[in-house]
Asker: 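Below you'll find the structure I mean.
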Amino acid sequence: MGMQTQVAIIGGGPSGLLMSQILQLNGIDNVILERQTRDYVLGRVRAGIIEQGTIDLLRSADVADRMNRDGLVHEGIDIAFAGERQRVDLHKYSGGKTVMVYGQTEITEDLYEARDKMVGKILHEVSDVELHEVTSQNPYVTFKHENQEKRLDCQFIAGCDGFHGVSRATFPCSILKTYERVYPFAWLGLLSETPPISDELIYVNHKNGFALCSMRSETRSRYYLQVPVGTDVNDWPDERFWEELKVRLPDQTANELITGPSIENAVAPLRSFVAEPLSHGRLFLVGDAGHIVPPTGAKGLNLAASDVYYLSRALLEFFQSGDETALKGYSNRALQRIWKAVRFSWWMTLMLHKFPDDGEFGEKIQQTELEYLFSSEAALSVLAENYVGLPLD
Ligand code: RFL
Ligand code: PHB
């Protein structure tokens, strides 16, 4: 069975949904092909912090009502090390900028609702997606849906299918170069219906390993612990998680922790990864399909949003004027911003985690890095301007 559209979007995570929303708002027909069910996509608990650029993009895409109402504006973060908590005044050191706590789960729900209202075309539970003739003017996608073989003809393909998707795998090895670092630890996350320990996030450097106190709202908390690669969540019943979190927090802060039953736990590995280039003919990689950052800098979702921003603008330019210049420049343009976030996320990861093979010299350097950070306005400015998000242009 044949279908036709202007832009085929592979993957209905935040990148694919936001791309679809922006394109349709601008009169560009598109179809999303998503491997999972909608409930599965909505069940994933991921990012929590969004930058001003992401907020602006969600507002311009008409999906910001709930975010405007429920999002929590944060003007700073705390970093705890050597048993003390110190604040980074993001607002002061970034020249007046802030970030917002608003979850990826909520953003995805808002995007689905907006897509429903505009009768956006999303096919769920598709399988065997294959991309064809992507270097021609008329690429097409074949896939299985509801037990039928289907074909989608299009002018462009947006590969929004995450790290394990098919889009990047379609690039010939000869043109794709990848850069990767896998870290020797993972994050164990816990979501609970409990008030957050503090008004702001606390990033913790401790000899047992990193910890993070985050939140989703004034009544819902999100905590993470650094754990060894291969850790089984079942080895971490709630009591063990809370106990270890308390150990890693400064004493006074630990006393303020309100615990409760978890509503979600998962282990996520930490990786830095970049694919170059992000385009091949009329196929473009967007979000996690093209790059991965460790979550320490809170950049993954924000990078997905900036990719969507650059690619959607380039597609609009093409459909309005026939000019392909911006599309040809997409990869370089997006990569410039991506590499800066990759560097920042790597640096935050290095500064805050326990590296098993670091030795005493490594530990001294790490403590000195943190002491230097809080002794230098220049160093605080470097952290703040990156954390709130580098400019989109
Ligand atoms: P996603 O969210 O992986 O969505 C890709 C979609 O593509 C579908 N798919 C396919 N569809 C059709 N055919 C195929 N062959 C397909 N293969 C895959 C998948 O089912 C899926 O629905 O990528 P996207 O849209 O680019 O979004 C990226 C973000 O999800 C990601 O960058 C962030 O979640 C990263 N991340 C964080 N980012 C932040 O900015 N701040 C954070 O605090 C933060 N915390 C996190 C995170 C990621 C985590 N995990 C597990 C990866 C915490 C965790 C635990
Ligand atoms: C989260 O709330 O899930 C979160 C916040 C900040 C990070 C990573 C994750 O750096």
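As the structure is a prediction and not an experimental result, all values here were calculated from the model. Position 1 is the first residue of the sequence, and the numbers go up from there. Remember, it's 1-based here, ligands and their atoms both numbered in the order they're listed.
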Asker: So, E385 and K97, do they make that salt bridge, N to O below 4.0 Å?
Answerer: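 Looking at E385 and K97, the cut-off is not met.
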
Asker: Using a distance-only test with no angle check, is there a side-chain donor-acceptor pair under 3.5 angstrom linking T135 and H280?
Answerer: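 Their side chains do not contain a donor-acceptor pair, so the 3.5 Å distance test is not met.
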
Asker: Do any nitrogen or oxygen atoms of G165 come within less than 3.5 Å of a nitrogen or oxygen of ligand 1?
Answerer: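 In this structure, G165 places no N or O atom under 3.5 Å from an N or O of ligand 1.
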
Asker: For a quick check under 3.5 Å, do R282 and N138 share a side-chain donor-acceptor pair by atom type?
Answerer: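 There is no such pair between these side chains.
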
Asker: Return yes or no for this condition: an N or O of G162 is under 3.5 Å from an N or O of ligand 1.
Answerer: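 No - when backbone and side-chain N and O of G162 are compared with those of ligand 1, no distance drops under 3.5 Å.
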
Asker: Between Y223 and S192, does any side-chain donor sit less than 3.5 Å from a side-chain acceptor?
Answerer: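 There is no such pair (donor and acceptor under 3.5 Å, judged by atom type) between the side chains of Y223 and S192.
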
Asker: Near L33, which atoms of ligand 1 are under 4.0 Å from a heavy atom of that residue?
Answerer: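 Answer for ligand 1: 11 (N), 12 (C).
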
Asker: Check this for me, if you would: do E363 and K207 make a salt bridge, where the nitrogen-to-carboxylate-oxygen distance has to be below 4.0 angstrom?
Answerer: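 Between K207 and E363 there is no salt bridge, as every charged N stays at least 4.0 Å from the carboxylate O atoms.
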
Asker: In the protein, which heavy atom is nearest to atom 18 (C) of ligand 1, and how far is it?
Answerer: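 Answer, as residue, atom name and distance: D161 O, 3.1 Å.
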
Asker: Hey, does Y224 come in under 3.5 Å of ligand 2, counting only N/O atoms on both sides?
Answerer: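 Right, the criterion is met.
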
Asker: Within ligand 1, which atoms have a heavy atom of C160 less than 4.0 Å away?
Answerer: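 Contacts of ligand 1 toward C160, numbered from 1: 5 (C), 6 (C), 7 (O).
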
Asker: For ligand 2, which is the ligand I care about here, please tell me if R216 has any N or O atom under 3.5 Å from one of the ligand's N or O atoms.
Answerer: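 Such a contact does occur with ligand 2.
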
Asker: Please check whether H164 reaches ligand 1 - meaning an N/O of the residue sits under 3.5 Å from an N/O of the ligand, judged on distance alone.
Answerer: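 N/O-N/O distance below 3.5 Å does not exist for this pair.
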
Asker: Select the closest option to atom 2 (O) of ligand 1 among M19, R44, R46, judged by heavy-atom distance.
Answerer: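 Residue with the shortest heavy-atom distance to the ligand atom: R46.
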
Asker: What is the closest protein heavy atom to atom 19 (C) of ligand 1, and at what distance does it sit?
Answerer: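 Its nearest protein heavy-atom neighbour is E34 OE2, 3.5 Å.
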
Asker: Indicate whether any N or O donor in one side chain lies under 3.5 Å from an N or O acceptor in the other, for H291 and D307.
Answerer: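 H291 vs D307: donor-acceptor pair found between side chains.
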
Asker: Looking just at side-chain N and O atoms, do D358 and Q366 make a donor-acceptor pair shorter than 3.5 Å?
Answerer: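 There is no such pair between these side chains.
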
Asker: Based purely on interatomic distance, does R35 place a nitrogen or oxygen under 3.5 Å from a nitrogen or oxygen of ligand 1?
Answerer: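 Among all N and O atoms of R35, at least one is under 3.5 Å from an N or O of ligand 1.
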
Asker: Any idea which of L212, V308, L301 brings a heavy atom closest to atom 38 (N) of ligand 1?
Answerer: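 It is L301 whose heavy atom sits nearest to atom 38 (N) of ligand 1.
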
Asker: Return the closest protein heavy atom for atom 13 (N) of ligand 1 as residue, atom name and distance.
Answerer: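 Closest protein heavy atom to atom 13 (N) of ligand 1: V129 CG2, 3.7 Å.
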
Asker: Using 4.0 Å as the upper bound for N to carboxylate O, is an ion pair formed by R87 and D89?
Answerer: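 Looking at R87 together with D89, the answer is yes, because their closest N to O distance falls below 4.0 Å.
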
Asker: Specify side chain, backbone, both or neither for Y102, according to which of its non-hydrogen atoms lie closer than 4.0 Å to ligand 2.
Answerer: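 Looking at Y102 and ligand 2, no heavy atom falls under 4.0 Å.
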
Asker: Is K121 salt-bridged to D29, cutoff N-O under 4.0 Å?
Answerer: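 Answer for the salt bridge query: yes.
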
Asker: So which protein heavy atom does atom 35 (C) of ligand 1 come closest to, and at what separation?
Answerer: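 The answer is G300 CA, 4.0 Å.
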
Asker: Give the intermediate values and the outcome of ring pair (Phe, Tyr, Trp, His ring centres under 6.0 Å) for residues F185 and F355.
Answerer: CA-CA 8 Å; F185 40 73; F355 281 73; 5.1 Å; yes

Asker: Using a 4.0 Å cut-off to any heavy atom of Q36, which atoms of ligand 1 qualify?
Answerer: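 Checking each atom against Q36, I get 20 (O).
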
Asker: Please compare R271, Q104, K299 and report which has the shortest non-hydrogen distance to atom 34 (O) of ligand 1.
Answerer: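 Ranked by closest heavy atom to atom 34 (O) of ligand 1, first place is Q104.
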
Asker: Using a 4.0 Å heavy-atom threshold (strictly under), name the region of S214 that reaches ligand 2: side chain, backbone, both or neither.
Answerer: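 For S214, only side-chain atoms sit under 4.0 Å from ligand 2.
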
Asker: Got an N/O contact under 3.5 Å between I49 and ligand 1?
Answerer: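 I49 vs ligand 1: no N/O contact under 3.5 Å.
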
Asker: Is V45 close enough to touch ligand 2? Criterion: a residue heavy atom under 4.0 Å from a ligand atom.
Answerer: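 In this structure, V45 fails to qualify as a contact of ligand 2 - no heavy atom is under 4.0 Å.
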
Asker: Counting each atom of ligand 2 from 1 as listed, which ones have a heavy atom of Y203 under 4.0 Å away?
Answerer: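 It comes down to these atoms of ligand 2: 6 (C), 7 (C), 10 (O).
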
Asker: Assess whether a salt bridge exists between R222 and E264, defined as any Lys/Arg side-chain N lying under 4.0 Å from an Asp/Glu carboxylate O.
Answerer: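 Yes, this pair counts.
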
Asker: For A298, take its heavy atoms, then give the atoms of ligand 2 lying under 4.0 Å from any of them.
Answerer: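 Contacts of ligand 2 toward A298, numbered from 1: 6 (C), 7 (C), 10 (O).
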
Asker: Looking only at side chains, do R44 and Q104 share a donor and an acceptor under 3.5 Å apart?
Answerer: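 Distance-only check fails for R44 and Q104.
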
Asker: Could you tell me which atoms of ligand 1, counted from 1 in the order shown, lie closer than 4.0 angstrom to a heavy atom of G287?
Answerer: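 Reading through ligand 1 atom by atom, the close ones are 26 (O).
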
Asker: Salt-bridge test for E193 and R220: reply yes if a basic N is under 4.0 Å from a carboxylate O, no otherwise.
Answerer: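 Answer for the salt bridge query: yes.
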
Asker: Is E244 paired with R248 through a side-chain N to carboxylate O contact shorter than 4.0 Å?
Answerer: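 Looking at R248 and E244, the cut-off is met.
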
Asker: If we only consider heavy atoms of P14, is any one of them less than 4.0 Å away from an atom in ligand 1?
Answerer: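 In this structure, P14 qualifies as a contact of ligand 1 - some heavy atom is under 4.0 Å.
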
Asker: Could you find the nearest protein heavy atom to atom 25 (O) of ligand 1 and give me its residue, atom name and distance?
Answerer: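 The closest one turns out to be S15 N, 2.9 Å.
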
Asker: What residue and heavy atom of the protein are closest to atom 15 (N) of ligand 1, and at what distance?
Answerer: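 Of the protein heavy atoms, V166 CG1, 3.4 Å lies nearest.
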
Asker: Starting from atom 8 (C) of ligand 2, locate the nearest protein heavy atom and write down its residue, its atom name and how far away it is, to 0.1 Å.
Answerer: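 In this structure, atom 8 (C) of ligand 2 has P295 O, 3.3 Å as its nearest protein heavy atom.
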
Asker: I want to confirm something. Looking only at heavy atoms, which of P294, A341, G13, G48 is nearest to atom 43 (O) of ligand 1?
Answerer: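 Nearest option to atom 43 (O) of ligand 1, by heavy atoms: G48.
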
Asker: Within a distance under 4.0 Å of any heavy atom of L201, pick out the atoms of ligand 2 and give their elements.
Answerer: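 Those atoms are 5 (C), 6 (C).
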
Asker: Provide the number and element of each atom of ligand 2 under 4.0 Å from a heavy atom of I49.
Answerer: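 Reading through ligand 2 atom by atom, the close ones are 5 (C), 6 (C).
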
Asker: Can you confirm whether the side chains of T5 and N30 place a donor and an acceptor under 3.5 Å from each other?
Answerer: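 On atom types as modelled, these side chains do not qualify, holding no pair under 3.5 Å.
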
Asker: On a heavy-atom basis, I'd like to know which of L18, L285, D288, V267 is closest to atom 31 (C) of ligand 1.
Answerer: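 The nearest heavy atom belongs to D288.
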
Asker: Any ion pair linking R337 and E51 (charged N to carboxylate O, less than 4.0 Å)?
Answerer: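 Looking at E51 and R337, the cut-off is met.
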
Asker: Below the 3.5 angstrom mark, is there an N/O of R222, backbone or side chain, next to an N/O of ligand 1?
Answerer: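 There is no such contact.
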
Asker: I need the D153 CG to Q6 CD distance, nearest 0.5 Å.
Answerer: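 Result: 13.0 Å between the selected atoms.
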
Asker: How far is atom 41 (N) of ligand 1 from its nearest protein heavy atom, and which residue and atom name does that atom have?
Answerer: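 Result for atom 41 (N) of ligand 1: A47 CB, 3.1 Å.
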
Asker: Run the numbers for me: atoms of ligand 2, each under 4.0 Å from some heavy atom of G48, listed by number.
Answerer: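 Answer, ordered by atom number: 1 (C), 2 (O), 3 (O).
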
Asker: Are the charged groups of R35 and E125 less than 4.0 angstrom apart, N to O?
Answerer: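 The answer is no: the pair does not qualify as a salt bridge.
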
Asker: Quick one: nearest non-hydrogen protein atom to atom 55 (C) of ligand 1, plus distance?
Answerer: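 Among all protein heavy atoms, the one nearest atom 55 (C) of ligand 1 is A268 CB, 3.7 Å.
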
Asker: Look up atom CG in L311 and atom OG in S306, then write down how far apart they are to the nearest 0.5 Å.
Answerer: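 That separation rounds to 11.5 Å.
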
Asker: Give the numbers and elements of all ligand 1 atoms closer than 4.0 Å to a heavy atom of N302.
Answerer: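 So the atoms of ligand 1 that pass are 40 (O).
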
Asker: Got a salt bridge between E75 and K92, using NZ or NE/NH1/NH2 to carboxylate O under 4.0 Å?
Answerer: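 Between K92 and E75 there is no salt bridge, as every charged N stays at least 4.0 Å from the carboxylate O atoms.
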
Asker: Taking only heavy atoms of T296 into account, list the atoms of ligand 2 that are under 4.0 Å away from them.
Answerer: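 Answer, ordered by atom number: 10 (O).
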
Asker: So is R46 in contact with ligand 2, going by heavy-atom distances below 4.0 Å?
Answerer: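 The answer is yes: ligand 2 sits under 4.0 Å from a heavy atom of R46.
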
Asker: Taking atom types as modelled and ignoring hydrogens, do the side chains of R115 and S20 form a donor-acceptor contact shorter than 3.5 angstrom?
Answerer: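 Note: R115 and S20 side chains meet the donor-acceptor criterion.
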
